2 protein chains.
Amino acid sequence: MNDKTFALKGICMYSKTQQIIEVMDGYVISEDGICQGVYETIPKEFENIAVYDYTGKLIIPGLIDLHLHASQYPFRATGMDLELLEWLDTYTFPEESQYADIEYAKKAYPIFVKDLKNSPTTRACIFATIHNEATLLLMNMLEETGMKTMVGKVNMDRNCPDYLKEESSEKSIEDTIEFVRYAKENYKNTVPILTPRFIPTCSDDLMVSLGTLKEECHLALQSHMAENISEIEWVKKLCPDADSYGDAYERRGSFNQSGNTIMAHCVYLTQEEENLLKTRNVFIAHCPDSNMNLASGIAPIRRYLKNGLNVGLGSDLAAGSFINLFHAMSSAIQSSKLYWRLVNETDVPLTLEEAFYMGTKGGGAFFGNVGSFEKGFQMDAVILSDDNIESSKKLTPKERLERIIYLGNNENVISKYVDGTRI
Amino acid sequence: MNDKTFALKGICMYSKTQQIIEVMDGYVISEDGICQGVYETIPKEFENIAVYDYTGKLIIPGLIDLHLHASQYPFRATGMDLELLEWLDTYTFPEESQYADIEYAKKAYPIFVKDLKNSPTTRACIFATIHNEATLLLMNMLEETGMKTMVGKVNMDRNCPDYLKEESSEKSIEDTIEFVRYAKENYKNTVPILTPRFIPTCSDDLMVSLGTLKEECHLALQSHMAENISEIEWVKKLCPDADSYGDAYERRGSFNQSGNTIMAHCVYLTQEEENLLKTRNVFIAHCPDSNMNLASGIAPIRRYLKNGLNVGLGSDLAAGSFINLFHAMSSAIQSSKLYWRLVNETDVPLTLEEAFYMGTKGGGAFFGNVGSFEKGFQMDAVILSDDNIESSKKLTPKERLERIIYLGNNENVISKYVDGTRI
């Protein structure tokens with residue numbers, strides 16, 4: 001027995017499938033940080049382990065945020081009047097350029113890290129900026145929280161302001177190798193991930209070199225894809241060799257290893273691109289709040305789920321405003337309803353169960369066996385109180401969860417375990 | 001000088017027009033509960049009045065919620081899986097029927113009233129249920145808060161479950177008269193408003209009698225209109241005499257007095273209906289959160305504003321989940337972006353200024369000179385702190401307001417004045 005072997009007592013809720021949230025008032029068991037399942041009473045073999053009592057509270061797997069920009073957190077919920085490309089030039093690039101100054105990073109990142117630690121998220125895939133020093137500072141701080149994250153130093157060597165452009169593709173790769181090496185040597189919870197911003201800001205040389213690095217060093221990769229109509233047109237012009245945005249990534253080697261690539265957004269995919277992402281086992285980070293704020297549109301998530309693609313959720317700070325990933329769940333449901341009503345009546349709205357699945361087990365699969373309380377999953381758990389959402393009505397556990405998904409925020413999180421450790 | 005004569009010191013922000021939010025770090029002056037404008041320094045004539053110091057905080061007019069159902073508050077943020085008509089049958093009518101029992105009302109309404117009091121809303125138009133006793137209990141509680149509200153005992157005498165149907169149109173009118181008489185005699189802040197649920201649940205006799213009552217007693221009236229496609233089809237069948245949903249209300253006398261009628265939703269209006277609402281000076285309560293949750297669609301608010309219709313915002317609890325009306329502002333902006341992207345590219349997205357206008361001065365016009373700090377307006381003010389939304393960035397007052405509109409909730413409200421009285 002060790003510190004990572006224990007039981008949490010409360011109302012345990014988790015996804016087995018996309019359609020079903022399992023509910024049991026009982027105990028979820030962790031043995032050495034690995035979940036042993038949920039039981040009404042503690043099984044005999046575990047009768048001597050520590051029990052942490054959250055009777056009456058909801059216990060769910062930690063939420064998984066597959067896409068966010070830590071460096072943009074200072075301007076979250078402002079500048080909501082532009083579409084993607086103008087928004088980048090006007091708000092995003094000027095803010096990101098400030099992280100060249102490590103003193104600014106020391107002021108900005110602690111606020112993000114504190115808020116993420118207090119949120120229901122246990123694991124996240126994070127964009128920093130092009131700056132190694134500031135990015136490693138962020139990783140230092142994340143490492144100490146105990147959360148499991150993948151963090152990327154951003155690559156961008158073209159089509160962006162000089163003040164934020166890397167001097168060459170060679171220098172960009174050099175910095176990336178140094179960043180990866182340092183991070184691998186120094187962090188356990190915080191893993192480096194290759195992070196070309198998106199094709200418009202990354203030269204072919206850079207993309208190809210990153211693809212090679214991905215293969216050689218077995219690295220994960222995250223980027224953006226098919227978020228906005230003007231962006232897609234632009235990529236078409238920039239990549240005359242490719243049949244589509246997805247094909248451009250494919251040809252540059254971004255997908256050439258299975259199961260470790262995230263493409264954020266994917267609002268507009270052709271059937272061929274969908275097939276490609278499926279074959280290459282790419283994860284889609286669905287960011288519905290961002291897609292509304294930047295007027296990008298609505299991703300056809302019903303279709304992606306039906307076709308068996310990997311879909312998780314992203315807060316997409318700061319085009320999305322909420323660090324609390326519950327908001328991405330309710331936002332996913334709401335926008336799927338408008339998609340059904342306004343775009344395609346055969347794509348029925350997402351259910352609560354499906355949104356919860358995407359925010360836990362769906363995105364969790366990017367990290368391995370993560371995002372459920374089934375046996376063999378890593379022990380990430382969040383304990384939720386809904387005492388601040390009063391009602392005269394007697395509510396079922398699922399109704400209580402639904403209320404937190406719509407109305408909850410960091411204040412509803414009373415305790416959090418990551419990989420078997422309370423953080 | 002009296003208690004209602006004072007100055008509030010802070011960063012004053014208010015709408016003059018739909019396009020401009022005025023910002024001044026200074027003093028907003030109240031004289032006997034009437035706003036005397038905003039000044040950088042206190043004018044000589046007011047130099048001896050009390051000054052309440054909120055230096056550095058944002059001071060805005062109180063928000064105006066033109067549409068909500070107090071009786072549905074217990075099930076807010078649950079049951080989000082159905083469209084309007086099924087949602088009414090499954091969740092709403094069973095909950096509303098409980099208010100026949102005054103003991104249930106005594107448990108339920110205090111939670112709503114407390115939360116509304118703590119919210120940024122200073123004035124609201126509220127649906128209760130068909131039950132006089134419970135509705136007057138709600139009014140009692142609202143009266144004590146000092147907020148200004150209009151509250152309706154609901155009318156419904158057909159097409160609803162027996163357990164919630166009034167026994168006849170005569171009895172419904174009788175109860176309404178009794179309700180209005182009692183409320184007028186006993187309340188100052190809390191005004192009765194005629195509240196036929198909507199045409200499907202109100203017989204022609206009932207609607208016509210309510211129209212007559214509206215005229216004779218100079219009463220305001222609130223109802224629902226053109227929220228959902230099936231509902232509109234149903235009204236077509238129920239009212240063969242009318243050319244449209246709007247025309248059905250017109251023919252039954254609901255609009256026959258100008259400026260004191262609210263129609264919630266108006267997601268789908270014909271050009272003729274739009275003209276009618278404009279001629280009759282009807283207020284539209286735009287409820288974007290509700291329209292997403294019930295998959296109703298998106299109301300073309302850009303078009304309504306362009307055509308000079310009166311538009312305010314409604315939380316529409318509990319089809320909308322948030323009692324905090326800031327959420328209706330951000331939701332209005334988000335859904336207008338999707339309308340522009342997916343439905344009609346000539347209807348450009350709503351701006352922050354327009355959303356703020358609708359939630360203050362736009363809806364406030366229903367209550368008279370309400371919702372601005374211009375001279376002559378009634379002195380409703382809300383003082384906001386954004387200390388809990390940290391940032392390393394130096395923000396302008398408008399950016400601070402934008403953040404609260406996207407991320408804020410009742411916790412950001414630190415003080416509230418209604419009609420010149422701190423509540």
Side-chain angles (χ1 to χ4, degrees), chain A residues 73-81 83 95 98 104-112 114-115 229 289 291-298 321-322 330-331 333-343 349 351-352 389-393 395-396 398-400 402-409 411, chain B residues 73-81 83 95 98 104-112 114-115 229 289 291-298 321-322 330-331 333-343 349 351-352 389-393 395-396 398-400 402-409 411:
Chain A
Y73 197 59
F75 73 89
R76 69 196 179 282
T78 68
M80 291 305 183
D81 55 340
E83 279 192 86
E95 177 65 25
Q98 299 203 63
Y104 185 77
K106 283 181 188 167
K107 279 200 310 182
Y109 279 142
I111 298 171
F112 164 75
K114 184 185 67 179
D115 286 359
I229 291 169
D289 191 44
N291 298 157
M292 287 199 246
N293 285 332
L294 300 188
S296 303
I298 303 174
S321 310
F322 293 87
S330 55
S331 192
I333 297 170
Q334 286 192 324
S335 58
S336 76
K337 286 172 176 171
L338 292 179
Y339 190 85
W340 169 73
R341 168 62 70 211
L342 302 173
V343 183
T351 63
L352 185 75
I389 316 175
E390 283 183 78
S391 179
S392 50
K393 194 167 179 276
L395 297 160
T396 65
K398 207 148 84 184
E399 286 171 328
R400 292 174 60 194
E402 189 174 11
R403 293 197 314 173
I404 292 177
I405 285 174
Y406 280 83
L407 297 174
N409 55 41
E411 274 71 59
Chain B
Y73 197 60
F75 72 89
R76 70 196 179 283
T78 67
M80 290 305 183
D81 56 340
E83 280 192 87
E95 177 66 25
Q98 298 203 66
Y104 185 78
K106 283 181 189 167
K107 280 201 307 184
Y109 279 141
I111 297 170
F112 164 75
K114 183 186 67 181
D115 285 359
I229 291 168
D289 190 45
N291 298 157
M292 286 200 246
N293 284 332
L294 300 188
S296 304
I298 304 174
S321 309
F322 293 86
S330 55
S331 192
I333 296 170
Q334 286 192 324
S335 58
S336 77
K337 287 172 176 171
L338 293 179
Y339 190 86
W340 169 73
R341 167 64 68 212
L342 302 173
V343 184
T351 62
L352 184 77
I389 316 176
E390 282 182 77
S391 180
S392 50
K393 194 167 179 274
L395 298 159
T396 65
K398 208 148 83 183
E399 286 171 328
R400 292 173 60 193
E402 188 174 12
R403 292 197 315 172
I404 292 176
I405 286 174
Y406 280 83
L407 297 174
N409 55 40
E411 275 70 60

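Throughout, protein chains are lettered first and strands after them, A, B, ... in sequence-line order, and every chain is numbered starting at 1. Keep in mind the model is a prediction, meaning the values are calculated, not measured.
- Residues forming a side chain to side chain contact (heavy atoms under 4.5 Å, CB included) with A:Ser331 (at least two apart in sequence, or on another chain): A:Pro288, A:Asp289, A:Met292, A:His327.
- With contacts defined as side-chain heavy-atom distances shorter than 4.5 Å, the pair A:Thr78/B:Tyr406 does not qualify.
- With hydrogens and angles ignored, the 3.5 Å screen pairs a side-chain donor or acceptor of A:Glu402 with a backbone N or O of B:Gly79.
- With sequence neighbours excluded, the residues that form a side chain to side chain donor-acceptor pair (under 3.5 Å) with B:Arg400 are B:Asp386.
- Chosen from A:Leu395, A:Asp115, A:Ile389, the residue pairing most often with chain B at heavy-atom distances under 4.5 Å is A:Ile389.
- Taking the charged nitrogens against the carboxylate oxygens, B:Arg341 and A:Glu83 do have a contact shorter than 4.0 Å, which makes a salt bridge.
- Looking at B:Ser296, the atoms closer than 4.5 Å to chain A (heavy atoms on both sides) all sit in the backbone: N, CA, C or O.
- Side-chain atoms of B:Ile298 and A:Leu338, non-hydrogen and from C-beta on, do get closer than 4.5 Å to each other.
- B:Asn293 places none of its side-chain heavy atoms less than 4.5 Å from the side chain of A:Ile333.
- Using a 4.5 Å heavy-atom threshold, the side chains of B:Met80 and A:Lys337 count as touching.
- For chain B, the option among A:Pro74, A:Ser336, A:Gly297 with the highest count of heavy-atom pairs below 4.5 Å is A:Pro74.
- Between the side chain of A:Lys393 and the backbone N or O of B:Phe75 there is no donor-acceptor pair closer than 3.5 Å.
- Both the backbone and the side chain of B:Ser321 come within contact range of chain A, with heavy atoms under 4.5 Å apart.
- Heavy atoms of B:Glu95 lying under 4.5 Å from chain A belong exclusively to its side chain.
- Using a 4.5 Å heavy-atom threshold, the side chains of B:Leu407 and A:Arg76 count as touching.
- Within the 4.5 angstrom heavy-atom criterion, only side-chain atoms of B:Tyr104, from C-beta onward, approach chain A.
- Between B:Lys114 and A:Glu390 the shortest side-chain heavy-atom distance falls below 4.5 Å.
- When all heavy atoms of A:Ser392 and B:Ala108 are compared, the closest pair comes out as OG-CB, 3.2 Å.
- At least one side-chain heavy atom of B:Val343 sits less than 4.5 Å from a side-chain heavy atom of A:Leu342.
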